[in-house]
Amino acid sequence: MVATLSQVKTLLGEPRFNWSDPAPWTAMEQEFSVEFPADFREIVNAYGSIQINGQLCLEHPAGHLLHSLGETIRGDLEMWREEDMAGFLPSPVGANPGELMPVASATTGEWVFLRVPDDPSSPWCVVVQELDSPAWTVHEMTFGEWLLAYLRGEDVTVCSRNFAPDRPFYEPLS
C-alpha cells in the first residue's frame with residue numbers, strides 16, 4: 001500500500017488533506033456493510049475530495065465536507081438499482097460478494113465501481129461503466145493500481161491524456 005500512495009504522490013503531487021480519523025470510514029462502512037479496500041482508503045484519506053485532471057472526481061466520507069463519499073454512494077446506489085440503469089452493469093450494485101460499489105465518477109461520463117470480492121482474502125477490482133453507452137470494462141487491478149495507470153495516461157476506460165498532457169494535477173472539489 002505504501003508503495004502505491006508514494007507512487008501516486010510522485011505523479012500527482014503532495015496531498016494536502018491528510019485525514020487520520022477513522023470515524024467517517026467506520027460509520028460509512030457500517031451503513032453499507034462493507035469494508036473498503038485499504039489502498040482506496042489510504043489515497044482518499046491523503047487527498048480528500050478532489051477532481052483529478054479536471055475529470056476524475058474522488059470524494060472523502062467526512063460528513064462536514066461539501067462532497068461526501070457516503071452521501072454520494074447512497075444516491076448512486078439508488079440510481080443504479082433502478083430497472084432502466086441496472087442493465088448497464090455486469091452485476092448488481094451493493095455490498096455483497098460480486099456486487100459493485102460506486103466510488104468515483106468522471107466529468108466525461110464514466111462511473112468507477114469497486115467490485116466486492118467473492119472471498120474476503122481476494123483483491124477488489126475496478127469496473128468502469130461508460131454512461132453514454134451500455135459498455136463497461138472490468139480492470140483486474142486494485143484501485144491504487146488503476147489510479148496509477150490513469151495518472152500515467154494509460155487507457156483504463158477513463159483516459160487522462162487529453163486532460164493532462166503535461167502532467168497530472170488535482171484541485172479540491174468545489
**Message:** Just verifying a value: how many Å separate E42 CD and T4 OG1, rounded to the nearest 0.5 Å?
**Reply:** 7.5 Å
**Request:** Compare every heavy atom of F88 with every heavy atom of Q129, then report the nearest pair and how far apart it is.
**Result:** CG-O, 3.4 Å
**Request:** Check whether any side-chain N or O of E99 sits under 3.5 Å from a backbone N or O of A95 as a donor-acceptor pair, and report yes or no.
**Result:** yes
Less than 3.5 Å apart, which donor and acceptor atoms pair up between the side chains of residues 12-21 and the rest of the protein, not counting sequence neighbours?
residue: N18; atom: ND2; partner: P15; partner atom: O; Å: 3.4
residue: W19; atom: NE1; partner: D21; partner atom: O; Å: 2.6
residue: D21; atom: OD1; partner: A23; partner atom: N; Å: 3.0

**Request:** Could you verify whether a donor N or O on one side chain and an acceptor N or O on the other, from T157 and H139, lie under 3.5 Å apart?
**Result:** yes
**Item:** pair F169-N53: side-chain heavy atoms closer than 4.5 Å
**Value:** yes
**Non-hydrogen side-chain atoms of N96 and V116 separated by less than 4.5 Å** = no
**Request:** Without swapping roles, check the side chain of S105 against the backbone of W111 for a donor-acceptor pair under 3.5 Å.
**Result:** no
**Prompt:** So, D76 side chain and P102 main chain: donor-acceptor pair closer than 3.5 Å or not?
**Reply:** no
**Fill in**
Paired with L151, the side-chain contact (heavy atoms from CB on, under 4.5 Å) test is passed by just one of L56, V8, V156, T10, namely V8
**Asked** Roughly how far, to the nearest 0.5 Å, is the CZ atom of F36 from the CH2 atom of W25?
**Response** 6.5 Å
**Request:** State, with a plain yes or no, whether a side-chain heavy atom of L58 is found less than 4.5 Å away from one of Y170.
**Result:** no
